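No experiment lies behind these values; they were computed from the predicted model shown. Below, read A as the first sequence line, B as the second, and so on, with proteins coming before strands; counting in each chain starts at 1.
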Number of protein chains: 2
Amino acid sequence: MSFPAKTGADAILKVAVDIVEAEGWDALSMRSIGLALGVRASSLYHHYRDKGAIEEALGEVAARALFEAMTVAAGRKKGQVRLRAMADAYVAFAHENAALYQLVAARRTASDTQVAGKALWQLILDGVGQVTGNRDDTAAAVGLWSFLHGYVALEGAGKFGASGAKGGYERGLSAMLRGLIG
Amino acid sequence: MSFPAKTGADAILKVAVDIVEAEGWDALSMRSIGLALGVRASSLYHHYRDKGAIEEALGEVAARALFEAMTVAAGRKKGQVRLRAMADAYVAFAHENAALYQLVAARRTASDTQVAGKALWQLILDGVGQVTGNRDDTAAAVGLWSFLHGYVALEGAGKFGASGAKGGYERGLSAMLRGLIG
DNA sequence: GTCTATATTCTGATAGAC
DNA sequence: GTCTATCAGAATATAGAC
């Protein structure tokens with residue numbers, strides 16, 4: 001029977017996600033993480049080199065989580081049904097993990113650690129390729145991803161006003177898909 | 001001949017824009033604004049109630065500037081030519097005023113002071129309406145705006161990787177317009 | 001309208017005891 | 001691995017002299 005440590009690399013990541021989702025990025029500090037773990041801020045430096053290392057790890061967590069949600073949604077589906085399911089999963093993830101999502105698409109990431117980010121890009125590229133008939137159709141993937149990100153970003157920022165998006169997602173997605181294929 | 005004040009509401013806004021464009025939002029502080037004006041931070045409180053009031057004013061500046069750029073681009077053009085010109089102006093503005101642009105589309109704004117923001121939305125709605133034939137086609141405007149914002153946001157965050165967007169803007173815009181009309 | 005001086009609070013990070 | 005203590009700096013904002 002050992003003396004379990006009060007915290008560890010994974011536990012730190014977990015509470016960091018909770019803080020960011022509940023109170024936003026400004027509330028994430030070494031002190032706030034420590035408080036949530038019942039530990040002093042200085043102790044965290046035994047698990048992560050500095051705050052930047054924690055944020056870097058969070059980026060991987062976020063990209064992997066989105067990748068997995070989209071992969072599950074894609075399932076064994078084919079063609080346009082598959083792509084629509086992936087798009088829906090993308091938007092749902094952004095809604096349910098608003099702060100974490102920012103790490104995937106809105107924040108500039110260190111070019112080193114985009115392991116999960118590259119997998120995500122490949123997944124989108126593959127889904128789009130299945131409907132345009134063009135494998136590696138970068139331009140089409142950029143178009144679709146732009147629409148998806150723009151929609152969740154503007155909606156999340158309340159830019160569609162009190163009246164809301166009024167079916168703009170369905171309309172935009174249908175238009176983009178039709179336009180990319182035709 | 002009077003003793004001119006070293007600063008004023010407009011001068012403060014001007015240097016605030018410069019700081020934000022040159023060094024980003026984190027660099028904007030009462031101290032940095034004062035430094036750029038040759039004035040102490042405490043003096044600024046005679047012109048703006050607090051930092052939030054400055055940011056609020058910046059939001060109006062940004063929305064108005066984008067509105068004017070798009071209006072000039074639209075000129076007396078009609079239909080799809082007009083809408084494409086507006087879209088191009090939107091992207092160009094975002095490129096040339098990266099930090100200020102975030103205030104238009106990425107940051108949550110106080111619902112009170114969206115004067116210029118509403119004018120911008122009306123302009124987009126009008127441009128889209130001219131090509132879909134539907135005045136007040138909210139869903140279509142949401143779709144197009146989503147694509148435009150998503151594109152500049154992802155591009156600005158470097159999410160398209162070293163290879164770049166590879167014609168994704170033209171492809172996505174054409175697809176969206178075709179899809180919205182057809 | 002600007003100044004000095006100050007209050008208050010927060011941040012990331014380190015040294016060294018245990 | 002966690003602790004205390006501390007550093008060094010940043011931030012917003014206010015009071016009162018000039």
Using nucleotides 8-10 of chain D, report all nitrogen or oxygen pairs with the protein that are shorter than 3.5 Å.
none

Trp121(A) vs Thr138(A), side-chain contact (heavy atoms from CB on, under 4.5 Å): CA-CA, chis, key distance, verdict: CA-CA 10 Å; Trp121(A) 172 247; Thr138(A) 302; 4.0 Å; yes
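- Rounded to whole Å, atom P of dA11(D) lies 13 Å from atom CD of Glu55(B).
- Counting only distance, with no hydrogens or angles, the side chain of Tyr151(B) and the backbone of Gly143(A) share no donor-acceptor pair below 3.5 Å.
- A centroid separation of less than 6.0 Å is found between the aromatic rings of Tyr90(A) and Tyr101(A).
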Taking N or O atoms only and anything under 3.5 Å, show me the protein contacts with nucleotides 1-5 of chain C, one pair per line.
unit_1	atom_1	unit_2	atom_2	d
dT2(C)	OP1	Lys6(B)	N	3.0
dT2(C)	OP1	Thr7(B)	N	3.1
dT2(C)	OP2	His47(B)	NE2	2.9
dC3(C)	OP2	Arg40(B)	N	2.6
dC3(C)	OP2	Ser43(B)	OG	3.1
dT4(C)	OP2	Arg40(B)	NE	3.2
dT4(C)	O4	Ser42(B)	OG	3.0

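- Look at CD1 on Ile33(B): it is 11 Å from P on dA13(D), rounded to the nearest Å.
- Within the 4.5 Å cutoff, the side chain of Tyr169(B) has heavy atoms near those of the Leu148(B) side chain.
- Between the side chain of Glu155(A) and the backbone N or O of Phe160(A) there is no donor-acceptor pair closer than 3.5 Å.
- One atom, NZ of Lys51(A), and another, C1' of dT14(C), lie 18 Å apart when rounded to the nearest Å.
- With contacts defined as side-chain heavy-atom distances shorter than 4.5 Å, the pair Leu180(A)/Asp137(A) does not qualify.
- In this entry the distance linking CD1 of Ile54(A) with C1' of dT11(C) reads 14 Å, nearest Å.
- Gln80(B) CD to Thr132(B) OG1: the interatomic distance, rounded to the nearest 0.5 Å, is 11.5 Å.
- Rounded to an integer number of Å, the gap from Met30(A) CE to dT11(C) C1' is 11 Å.
- Salt bridge Arg82(B)/Asp126(B): present, at least one basic N to carboxylate O contact under 4.0 Å.
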